[in-house]
Amino acid sequence: MVRVPFRAAASRLRRRPRPAGPTGPLRATASRPWVRVPVLLLVVVAGAWLGLLVVGSVRAPVGPMDTTMTLRPSVSGGTKINVSPLGALRLDSHIAPVRLDVDVDQLDPERSQALVKHPERLSGLQDEVTGDVAAGARELALRSCVAVVTGATALGLVVYRRPRRALAAGGLALALLAASGVSAYATWNPKSVLEPKFSGLLSSAPSVVGDARSIVTDFDVYQQELARLVTNVTKLYDATSTLPVYRPDPATIRALHVSDIHLNPAAWHIIASLVEQYGIDVIIDSGDTMDHGTAAENGFLDPAADLGAPYVWVRGNHDSAVTQAYLAKLKNVHVLDEGGAVDVAGLRVAGTGDPQFTPDRSRPTGGKASERLAGMRLASALRDQRRAGTPVDIAVAHDPNAARETDGTVPLVLAGHVHHRVNELLPLGTRLKVEGSTGGGGLRAVQNEKPEKVHASVLYLDRTTRHLQAWDEITLGGLGLTTAEVSRHLPEENLEEPEGGPEGKPKEKTEEKGDDPDKEPASSPPPTPSP
């Protein structure tokens with residue numbers, strides 16, 4: 001008789017519904033009011049950030065450019081304009097917990113051509129760009145409001161499982177975004193455009209384009225330079241649109257070929273930027289990094305160890321044994337000589353140093369004969385390695401005369417020395433690629449009527465076969481020139497529909513100037529190569 005009431009009471013206790021609301025750690029939080037606010041703020045910020053990531057961006061045309069505008073959480077605020085692969089510039093435009101990111105996706109050829117054909121429209125370009133930015137900002141503000149409210153509400157619903165709390169999170173997110181907008185408006189600094197901070201290849205923009213204040217005073221000159229720059233970029237897009245499509249696979253090996261830096265310190269920054277922008281796996285330098293090869297110049301070589309990729313180097317005719325010994329001690333640097341090889345980034349690279357050291361006027365130079373002899377020794381080493389079961393993928397020599405002697409022993413051979421590009425398919429099947437001066441001629445840049453341009457190339461190689469699939473030629477304007485060009489090329493054997501002669505055979509040899517790398521036509525003198 002006593003147990004029955006007890007069982008009834010226990011049964012009623014089991015059937016009693018659990019209180020609604022959060023469980024576990026969140027239920028413990030609910031019992032401590034002083035913890036609720038930080039947790040709610042965390043939910044609001046995380047939800048708003050996720051909302052901005054998913055839907056918080058807009059595509060907006062700005063003048064002749066197509067851009068993507070996005071709001072990102074930030075401690076210092078400001079504006080970041082990304083111009084891939086050239087780099088970025090930052091503006092201290094406002095102080096707020098949000099940053100405006102503008103990605104320049106592409107330059108529209110039709111709108112650019114309209115500006116080129118009608119230069120008078122440049123006078124109204126500023127108003128057009130201002131209107132486009134304002135329209136894009138309005139659309140971005142509206143989309144961002146929807147994104148933060150949706151993201152915070154959705155995350156609040158997942159965390160709290162109570163619609164009222166979720167709506168509170170969405171409302172708080174909207175209030176925080178509005179407060180950020182008020183802060184940005186109150187601290188807006190239109191003069192920040194006069195003091196941009198450049199990174200990547202654009203870091204040379206102040207010295208190339210000029211100070212923004214001088215542009216304001218010399219607006220006529222600026223209009224002419226802008227028209228010229230738009231023309232060059234438009235030609236670039238026209239050219240690339242007619243090339244066969246090649247999209248490098250993520251697994252593709254990317255090698256950066258540089259040469260003839262000649263003590264130009266700007267070359268190190270350019271190389272580092274290219275390594276970052278293109279995801280370079282290995283840098284191959286075909287020599288003449290120095291100018292006189294003295295021990296006093298050795299400190300110039302230190303950045304080679306910290307460029308973001310392994311650095312493979314051969315001696316040029318301006319690099320001494322002292323230069324070579326110093327580089328060999330640097331970390332991440334591989335010095336090749338006398339046919340020695342190294343396995344790096346999935347490639348086997350072999351090379352030899354230049355047999356001549358021309359700054360030493362007390363010793364007679366051997367000329368082409370000594371270069372060809374060095375090339376023959378390199379070719380012999382390549383054959384030995386192939387017989388040993390370790391075939392070389394890329395050979396490197398400084399002088400093209402030495403490089404040509406490796407024909408038939410390696411798929412690809414790289415060289416420099418002549419300060420202009422050569423692309424030649426040799427008779428026995430080896431492809432010779434000669435790079436121009438990555439230092440723009442270095443100290444010799446002002447010896448010619450026009451300053452030398454800066455040259456480098458990105459080589460795309462199949463990771464399985466390690467054969468060359470395509471290459472990008474990067475050309476930057478020399479002293480005082482405001483040009484930047486990137487052009488993609490495919491080997492003739494990779495073209496689906498080769499163009500060329502009447503029988504459809506591709507052209508096997510191309511040079512930027514002339515037919516012989518050691519002799520240029522008198523009507524168009526080349527940049528002065530290293531003597």
Side-chain angles (χ1 to χ4, degrees), residues 86 200-201 203-205 207-208 255-275 280 283-294 296-309 311-320 323-324 326-327 330 333 353-354 357-359 396-400 414-422 433-458 473-486 512-513 517 526-531:
L86 300 179
L201 296 181
S203 60
S204 61
S207 61
V208 173
L256 178 65
H257 182 199
V258 301
S259 190
D260 295 84
I261 293 175
H262 284 294
L263 284 180
N264 185 348
W268 296 127
H269 184 78
I270 292 171
I271 293 172
S273 297
L274 292 173
V275 168
I280 297 299
I283 306 164
I284 302 178
D285 186 343
S286 49
D288 269 7
T289 312
M290 310 297 260
D291 209 53
H292 298 89
T294 63
E297 297 171 310
N298 283 346
F300 171 79
L301 300 168
D302 291 341
D306 300 303
L307 294 173
Y311 197 87
V312 178
W313 181 87
V314 299
R315 186 180 66 252
N317 62 298
H318 279 256
D319 304 315
S320 65
T323 304
Q324 180 164 316
Y326 187 86
L327 266 173
L330 297 181
V333 176
D354 197 291
F357 180 55
T358 53
V396 191
H398 177 65
D399 194 297
L414 307 179
H417 182 62
V418 294
H419 290 207
H420 66 268
R421 290 190 176 110
V422 177
K433 289 192 62 58
V434 181
E435 190 54 81
S437 173
T438 309
L443 300 178
R444 308 168 190 277
V446 295
Q447 290 183 350
N448 307 293
E449 293 182 4
K450 294 182 179 180
E452 284 193 38
K453 294 183 178 182
V454 174
H455 295 91
S457 295
V458 178
E473 292 181 351
I474 298 148
T475 306
L476 305 176
L479 295 174
L481 298 180
T482 58
T483 59
E485 301 172 2
V486 181
E512 287 190 342
K513 295 179 181 179
T528 305
S530 310

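Quick caveat, the model's predicted, so the values are computed rather than measured. Every heavy atom of this structure was used, including side-chain atoms; hydrogens, water molecules and symmetry mates were not.
- Using modelled atom types, no side-chain atom of T438 and backbone atom of A456 make a donor-acceptor pair closer than 3.5 Å.
- Residues passing the side-chain contact (heavy atoms from CB on, under 4.5 Å) test with S437 are D260, H419, E452, sequence neighbours excluded.
- A heavy-atom distance below 4.5 Å is found between the side chains of H262 and D288.
- For the side chain to side chain contact (heavy atoms under 4.5 Å, CB included) with D285, the qualifying choice from L256, V312, V314, I261 is I261, the only one to do so.
- Side-chain contact between L263 and E297 is present, with at least one heavy-atom pair separated by less than 4.5 Å.
- A search for salt bridge (charged side-chain N to carboxylate O under 4.0 Å, His left out) contacts involving D306 returns K331, not counting sequence neighbours.
- In this structure, N317 and H398 have side chains that are in contact, with non-hydrogen atoms separated by less than 4.5 Å.
- Here the side chains of V454 and T475 are not in contact, with every heavy-atom distance at 4.5 Å or above.
- Counting only heavy atoms from C-beta outward, the side chains of D319 and Y326 never approach each other to under 4.5 Å.
- Under a 3.5 Å cut-off, the side chain of R315 and the backbone N or O of D354 do form a donor-acceptor pair.
- Looking at heavy atoms from C-beta onward, V434 lies in side-chain contact with V418 at the 4.5 angstrom threshold.
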- Item | Test side chain to side chain contact (heavy atoms under 4.5 Å, CB included) applied to T289 and L301, step by step | CA-CA 8 Å; T289 312; L301 300 168; 3.7 Å; yes
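- Under the 6.0 Å cut-off for aromatic ring centres, H292 and H318 do not qualify, their centroids lying 6.0 Å or more apart.
- Applying the side-chain contact (heavy atoms from CB on, under 4.5 Å) criterion to A304, with sequence neighbours excluded, gives W268, Y311, L327, V333.
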- Task: Evaluate the criterion side chain to side chain donor-acceptor pair (under 3.5 Å) for residue pair S457 and E473; output intermediate values, then yes/no.
- Result: CA-CA 5 Å; S457 295; E473 292 181 351; 5.2 Å; no
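- Atom NE2 of H269 and atom CG of L307 lie 11.5 Å apart (nearest 0.5 Å).
- Once rounded to the nearest 0.5 Å, the distance linking OG of S273 with CD1 of I280 reads 11.5 Å.
- Contact annotation: the side chain of W313 never approaches that of I284 to less than 4.5 Å [non-hydrogen atoms, C-beta and beyond].
- Scanning both residues, R421 and G436, for their nearest heavy atoms gives CG-N, 3.9 Å.
- Side-chain contact between H455 and I474 is absent, with no heavy atoms from C-beta onward closer than 4.5 Å.
- In this structure, S320 contributes its side chain and G293 its backbone to a donor-acceptor pair below 3.5 Å.
- The side chain to side chain donor-acceptor pair (under 3.5 Å) check on S286 picks up H257, S259, with sequence neighbours excluded.
- A pairwise comparison of heavy atoms in A309 and V275 identifies CB-CG1, 4.1 Å as the closest pair.
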